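Take a look at the structure set out below.
Keep in mind the model is a prediction, meaning the values are calculated, not measured.
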Amino acid sequence: MTASPAPDATEPFRYLVVGGFCAVLNSVILIGGDALGVHYIASNIAAFAIVSTLAFILHARRTFAVAMNWARYWRFMTGLISAFVISTALYALIYDALNVPMVIASPLITGLIMAYNYLAARFAMVGKGPLSRAGR
């Protein structure tokens, strides 16, 4: 039986760099949309459309160093779609119901979603979670 290679300790850092860039871009779109009077759902859809494929490309190339293919892309998008639903519900609660300004709500919600997105992205790219040791 062969021992699995040691986990790549820099992967979470690379995820934070790429994810942070995408999170900032997402927040800029949402805050800019709010400043222009665009409803947060429309801004969230625009941010999703712009950021999601860019995030896939950057995570495949930089974070996980895997080949891009349609199976990974669809798994990645499935994770992002579920995160989109969760974030939209959080905007309804935090921005609408609690009246937190978008300049605070967007970074807060984006931060809450990042851990979920890491787990979903890792599964999409390499087919296992970060705590899995099998097949590393």
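Grouping the Ile, Leu, Val, Met, Phe, Trp and Tyr side chains by contacts below 4.5 angstrom, directly or via other members, places Val28 apart from Phe21. Residues Val18 and Ile113 do not share a hydrophobic cluster, clusters being chains of Ile/Leu/Val/Met/Phe/Trp/Tyr side chains in contact below 4.5 Å. Taken together through direct or relayed side-chain contacts under 4.5 Å among Ile, Leu, Val, Met, Phe, Trp and Tyr, Val24 and Met102 form parts of separate hydrophobic clusters. Under a hydrophobic clustering in which Ile, Leu, Val, Met, Phe, Trp and Tyr are joined whenever their side-chain heavy atoms come within less than 4.5 Å, directly or via other members, Ile57 and Val17 fall into different clusters. Under a hydrophobic-cluster definition in which Ile, Leu, Val, Met, Phe, Trp and Tyr are linked whenever side-chain heavy atoms come within less than 4.5 Å, directly or via other members, Ile31 and Ile41 are assigned to the same cluster.
Among residues at least two apart or in separate chains, side-chain hydrogen bond (donor to acceptor under 3.5 Å, both in side chains) pairs with a member in residues 67-79 are Thr53-Tyr73.
At a threshold of 4.5 Å between non-hydrogen side-chain atoms, the residues Val51 and Ile29 count as touching. The side-chain heavy atoms of Leu16 and Tyr118, taken from C-beta on, include no pair separated by under 4.5 Å. Side chains of Phe84 and Met77 form no contact here, defined as non-hydrogen atoms less than 4.5 Å apart. In this structure the side chain of Thr63 never reaches within 4.5 angstrom of the side chain of Leu58, judged on heavy atoms.
Here the shortest heavy-atom pairing between Met114 and Gly19 reads CE-C, 3.6 Å. Minimum interatomic distance between Leu54 and Leu25 (heavy atoms only, all atoms of both residues): CD2-CD2, 4.0 Å. Taking both residues in full, the closest heavy atoms of Ala120 and Gly79 are given as CB-CA, 4.0 Å, listed atom of the first, atom of the second, then distance.
Under a 4.5 Å side-chain heavy-atom criterion applied to ILVMFWY residues, the cluster that includes Val38 comprises Leu36 as well.
Looking only at atom types and distance, the side chain of Tyr40 has no donor-acceptor partner in the side chain of Ser106 under 3.5 Å away.
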Kindly determine whether Val100 and Leu108 satisfy side chain to side chain contact (heavy atoms under 4.5 Å, CB included), including the steps that lead there.
CA-CA 10 Å; Val100 174; Leu108 173 65; 5.7 Å; no
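Tyr116 OH: more than 12 foreign heavy atoms inside a 6.0 Å radius.
In this structure, the separation between CG on Leu30 and OG1 on Thr110 is 7.0 Å, given to the nearest 0.5 Å. Note: Leu98 CG to Leu93 CG = 5.0 Å, rounded to the nearest 0.5 Å. Separating the OG1 atom in Thr88 from the CG atom in Asn44 is a distance of 4.0 Å, to the nearest 0.5 Å. A distance of 12.0 Å separates CZ in Phe13 from CG in Asp8, rounded to the nearest 0.5 Å. In this structure, the separation between CG on Leu112 and CG on Asn117 is 11.0 Å, given to the nearest 0.5 Å. With rounding to the nearest 0.5 Å, the separation of CD1 in Ile109 from OH in Tyr91 is 4.5 Å.
In this pair, His59 and Tyr15 present their aromatic rings parallel. The plane angle is below 30°, not in the 30 to 60° band.
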